[in-house]
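No hydrogens, no waters, no symmetry mates; every other heavy atom, side chains included, goes into these values. No experiment lies behind these values; they were computed from the predicted model shown.
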Amino acid sequence: MDTFEKNLQDEQIRINDVLHKLKNDLMGLQKQTSTVKTDIIEIRKSFWEDVTVNFDDAVEAGETATSIKQQAEFLAEREHRHKNLDQDEKNLKRLIEAPYFARIDFVEEGEREVESIYLGIASYLDPSTDEFLIYDWRAPISSLYYDYSLGSAEFTAPGGVVSGELKLKRQFIIKNGSIKSMFDTGITIGDELLQEVLGDQSNTQMKSIVATIQQEQNKVIRNEKGKLLFVQGAAGSGKTSAALQRMAYLLYKHRETLQAEEILLFSPNFMFNSYIRNVLPELGEENMQQTTFQQYLQHSLRNQYEVEDPFTLMEYMLTAKDEQLYPVRKMSSVYKSSYDFMKVIDQYLNYLSEEGLLFHNITFRGNIIFRSDEISSYFYSLSGALSLSNRVKLVSEWLLSQLKKMEKSEREKSWVEEEIQFLSKEEYQIFYEKLTKQRNFTEDTFDDYEREEKMLRKYVVKRHFHSIRKEIKSHLFLNIKEIYRQLFKLPYHLTVGKNESLSEEEWKDVCSFTISQINQDRLPYEDATPYLYVKEKITGFQVNTSVKYVFIDEAQDYSAFQFAFIKQLFPNARYTVLGDTNQAIYSHHSKSGIEALMNLFQGESIEKIILNRSYRSTKPIIEFTREILNNKNEIDPFNRQGPKPVMIEKTELSEVVSSIENKVRTLQNYQTIAIICKTAEESQKAYQDLKQHMNVQLIDKKSNEFQKGIIIIPAYLAKGIEFDAVILFNASKEQYYEEDVRNLFYTACTRAMHELFIYSAGQVTPFVENISDHLYSKEE
């Protein structure tokens, strides 16, 4: 038996031993979990039987409250215990599936004994010896595996830096309790393991990458230096995966002080949320808060407008270039996405501090009870040294105090008496019960007719004034819609003229377009954040101080204005921002978004990590796709071989459809095949042509997830997702000609893991004209 066979045999014996202990522990844990669950059910059933309820006097009431509290605390303790046991049970089950994926041998400086450390997705302590049989991949000592080759190495432990020598790095693929692959390596993660993992087929859910984390990805995961961590990563470099492992790492390291709900991820679309939802649970952690920026906007604007989403805007920009309004719309979108426009709004807010703030009348029963000019007079009578939001708060308090006075006088009016006569039996009963609970108002005194009527009048008026009180507290007396529209009616010299970002004629065109949209109760996407910014600055910014970490994925698609707004929303948070400027597909946005982000954190610590190596696609696909870009040398392909991309040029679109039908039949071994179109409009047409001949799924902006099989999807919705094989539906010169869609074309091509096919009806896009012939093949 050679050395490798002997090592393999020894490692299998260890796995068998570890699995035996894991399964025994799982059986014991399941019994405990079952017992605690039974306890919880019994406590809930007998909760009130075990509580002494007596409200005869203050002492008895106090004892009753104490009894209820004790029983509730006991129940809460059992529920907490059950939650922990359930989590431990899930971790054990995951470990039984694959106990660990690596071993490192490390000898500490000054010591002789070599310690063998096995890494898995969770720690496991031998119950008989109190020794770690498995170390969590996030433990400090585990960083040796990711960061060092054989030789001198060190890691930072809670007590300080520990130095020593790394003697061995061994990697495993374990399935069903058996070692399927084992290799020793001197580099960070052996190519053999990566080849095997990356060669697998795609899935509809993102996988955990803890077994294959690369050194540069590990820097992203464990970095805690900066207030802002910006990761510029090439397509397929694993930046999103690294970000999710980073969340798991933070939750592990700060488990005493950090909860999953204190982490917020802004993701690009609904489908992406579905795609990544299993990563953290697979690592034994609860999912973070997750939303899209569009969801946040719609929630905050509360259906006041029909708010355009970024995909509708994208579709317009890609399909409406011949329309008369297109140049103005593009100019509007670029300008309102800029930091310059935020400065214009800040100047406008200073103007409103002195004049021009607009209010609604407040009415009751068809009559005006507070006139808008009366509210305005009170607002501008307050000290100008106070902020807009503080003055609005004082106006709100004044209105509520005035309303309280009105409420008293309103009780004597005839409409109140009429309303009392028409109270339903149910309303009267509810009112009666409320009165009898009040001190000094028992059944004996309820016969007092005058007092009854007085209380009923108070009840009726209060009920009617409730909605007005709510409106005042919600600042609905402010005419935000007209305040925002007024910005586009002011003279040029008071607004843009101070910055000269647009000419006067250009600004007039933008104003005209914006006002026409607002008049139709539509809010263009580029106006949604500025509109909300104006509202928040006037009414008081609703900051969220409980979120400790904000993650922003596909950051290249955020504008300078949006970044500045988000930073104000979460002032206490640390930021992890992930992007790829080569995939900046929203050409209508200001190009300065990432630049502006860096400027926002000037004076604070900023960390920047660049991930140039791409792992998603085969080497031939990466070598081809990087040639599409103008900065071709920035992307380093991982050495995984596969077929070259294929270019297929047809004369007519009908020939393209027919050829794709035949091509798909040859790709049936793959689990996910994406037919990527330029737009949703083109996707719909392709779907209608292809659905008659194959089982195909159409993905649009409303899709929450996709199943395995063949999908048709617009390029801008495919971002962040990968597929076994990608077919570009029509990459013709007519479709992909202008420079501002080069990145969209690149993004579509880089979704392919194993095979890429580029079809065109007519001459192919000029983006591939200068690519060397040896990097692709052609089919008729």
Side-chain angles (χ1 to χ4, degrees), residues 216 219-234 239 242-243 246-247 250 262-266 293 296-297 333-350 387-389 495-496 498-502 526 528-530 532-534 536-537 540-584 586 589-612 631 634:
E216 68 273 18
K219 288 178 183 175
V220 174
I221 292 165
R222 295 175 189 255
N223 187 298
E224 293 197 72
K225 296 175 186 174
K227 178 82 170 177
L228 167 67
L229 171 62
F230 174 63
V231 182
Q232 161 62 39
K239 54 187 177 293
R246 173 171 170 76
M247 292 179 198
L250 292 168
E262 293 171 324
I263 299 175
L264 173 64
L265 169 66
F266 282 107
F293 190 62
Y296 172 78
L297 290 174
S333 183
V334 171
Y335 181 64
K336 290 173 185 170
S337 301
S338 70
Y339 199 60
D340 280 347
F341 188 53
M342 182 175 268
K343 289 178 185 174
V344 166
I345 289 179
D346 286 337
Q347 289 164 193
Y348 176 52
L349 292 168
N350 289 334
S387 67
L388 281 171
S389 59
T495 52
V496 181
K498 293 185 178 181
N499 295 306
E500 297 183 353
S501 301
L502 295 177
E526 65 268 23
T529 308
L532 197 53
Y533 180 72
V534 168
E536 295 282 289
K537 278 290 190 179
F541 236 88
Q542 300 298 305
V543 298
N544 186 324
T545 55
S546 65
V547 170
K548 295 178 181 176
Y549 290 90
V550 171
F551 286 71
I552 302 175
D553 203 1
E554 302 293 352
Q556 72 279 354
D557 295 333
Y558 284 72
S559 70
F561 200 124
Q562 288 170 338
F563 277 131
F565 182 75
I566 290 170
K567 190 171 187 290
Q568 290 193 44
L569 284 178
F570 306 100
N572 297 344
R574 289 176 175 269
Y575 288 77
T576 300
V577 177
L578 318 149
D580 178 13
T581 51
N582 292 326
Q583 295 183 70
Y586 291 91
H589 270 175
S590 165
K591 299 288 186 186
S592 60
I594 299 294
E595 232 174 82
L597 173 68
M598 297 299 188
N599 291 333
L600 286 170
F601 285 86
Q602 269 189 351
E604 301 180 81
S605 50
I606 299 174
E607 293 284 309
K608 184 175 181 181
I609 297 175
I610 298 175
L611 304 178
N612 281 336
N631 49 345
E634 286 188 3

request  = Kindly determine whether Val496 and Tyr335 satisfy side-chain contact (heavy atoms from CB on, under 4.5 Å), including the steps that lead there.
outcome  = CA-CA 10 Å; Val496 181; Tyr335 181 64; 3.5 Å; yes

message = Applying side-chain contact (heavy atoms from CB on, under 4.5 Å) to Val334 and Glu526, what does each step give before you reach the verdict?
response = CA-CA 8 Å; Val334 171; Glu526 65 268 23; over 6 Å; no

Asn544 and Leu569: CA distance, side-chain angles, deciding distance, side-chain contact (heavy atoms from CB on, under 4.5 Å) verdict = CA-CA 6 Å; Asn544 186 324; Leu569 284 178; 6.0 Å; no

Glu604/Gln602 under side-chain hydrogen bond (donor to acceptor under 3.5 Å, both in side chains): CA gap, chis, key distance, verdict = CA-CA 5 Å; Glu604 301 180 81; Gln602 269 189 351; over 6 Å; no

message = Checking Phe601 against Tyr575 for the ring-ring contact (aromatic ring centres under 6.0 Å, His included) test, could you report, in this order, the C-alpha distance in whole Å, the side-chain angles of both residues, the deciding distance, and whether it holds?
response = CA-CA 10 Å; Phe601 285 86; Tyr575 288 77; 5.5 Å; yes

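Residues satisfying the salt bridge (Lys or Arg N to Asp or Glu O under 4.0 Å) test with Lys548, not counting sequence neighbours, are Glu262. Evaluation of the side-chain hydrogen bond (donor to acceptor under 3.5 Å, both in side chains) rule for Gln568 yields no partner, not counting sequence neighbours. Partners of Tyr348 according to the side-chain hydrogen bond (donor to acceptor under 3.5 Å, both in side chains) rule, which considers only residues two or more places apart in sequence or in another chain, are Gln486. With sequence neighbours excluded, no residue forms a salt bridge (Lys or Arg N to Asp or Glu O under 4.0 Å) with Lys227. With sequence neighbours left out, Lys336 forms a side-chain hydrogen bond (donor to acceptor under 3.5 Å, both in side chains) with Ser332, Thr514, Asp527. For Glu607, the salt bridge (Lys or Arg N to Asp or Glu O under 4.0 Å) test picks out no residue, with sequence neighbours left out.
In this structure, CG in Leu250 is found 11.0 Å from CZ in Arg222, a value given to the nearest 0.5 Å. Note that the CZ atom of Phe230 and the OG1 atom of Thr576 stand 12.0 Å from one another [nearest 0.5 Å]. One finds the OH atom of Tyr586 at 10.5 Å from the OG atom of Ser333 (value rounded to the nearest 0.5 Å). Atom OG of Ser605 and atom CZ of Arg574 lie 6.0 Å apart (nearest 0.5 Å). With rounding to the nearest 0.5 angstrom, the CE atom of Met342 is 7.0 Å from the CD1 atom of Ile345.
By the 4.5 Å heavy-atom criterion applied to side chains, Ile566 and Tyr296 are not counted as neighbours. A 4.5 Å side-chain heavy-atom check between Phe563 and Ile552 finds at least one atom pair inside the cut-off. Looking at heavy atoms from C-beta onward, Leu228 lies in side-chain contact with Met598 at the 4.5 angstrom threshold. The shortest side-chain heavy-atom distance between Leu297 and Thr529 falls under the 4.5 Å cut-off. Gln232 is not listed as a side-chain neighbour of Ile594, based on a closest heavy-atom distance of 4.5 Å or more.
Counting all heavy atoms, side chain and backbone alike, Tyr339 lies closest to Ala564 at CE1-CB, 3.9 Å. Counting all heavy atoms, side chain and backbone alike, Ser337 lies closest to Ser559 at O-CB, 3.2 Å. Minimum interatomic distance between Ala234 and Asn612 (heavy atoms only, all atoms of both residues): CB-O, 4.0 Å.
Side chain of Gln583 to backbone of Gln556: no donor-acceptor contact under 3.5 angstrom is found. Counting only distance, with no hydrogens or angles, the side chain of Gln542 and the backbone of Gly540 share a donor-acceptor pair below 3.5 Å.
Taking the six-membered ring where tryptophan is involved, the planes of Phe565 and Phe293 are perpendicular, since the angle between them exceeds 60° and thus also 30°.
A side-chain contact (heavy atoms from CB on, under 4.5 Å) with Val231 is found for one member of Arg246, Lys239, Lys219 and no other, namely Lys239.
When ring centroids are compared, Phe561 and Tyr533 come within the 6.0 Å threshold.
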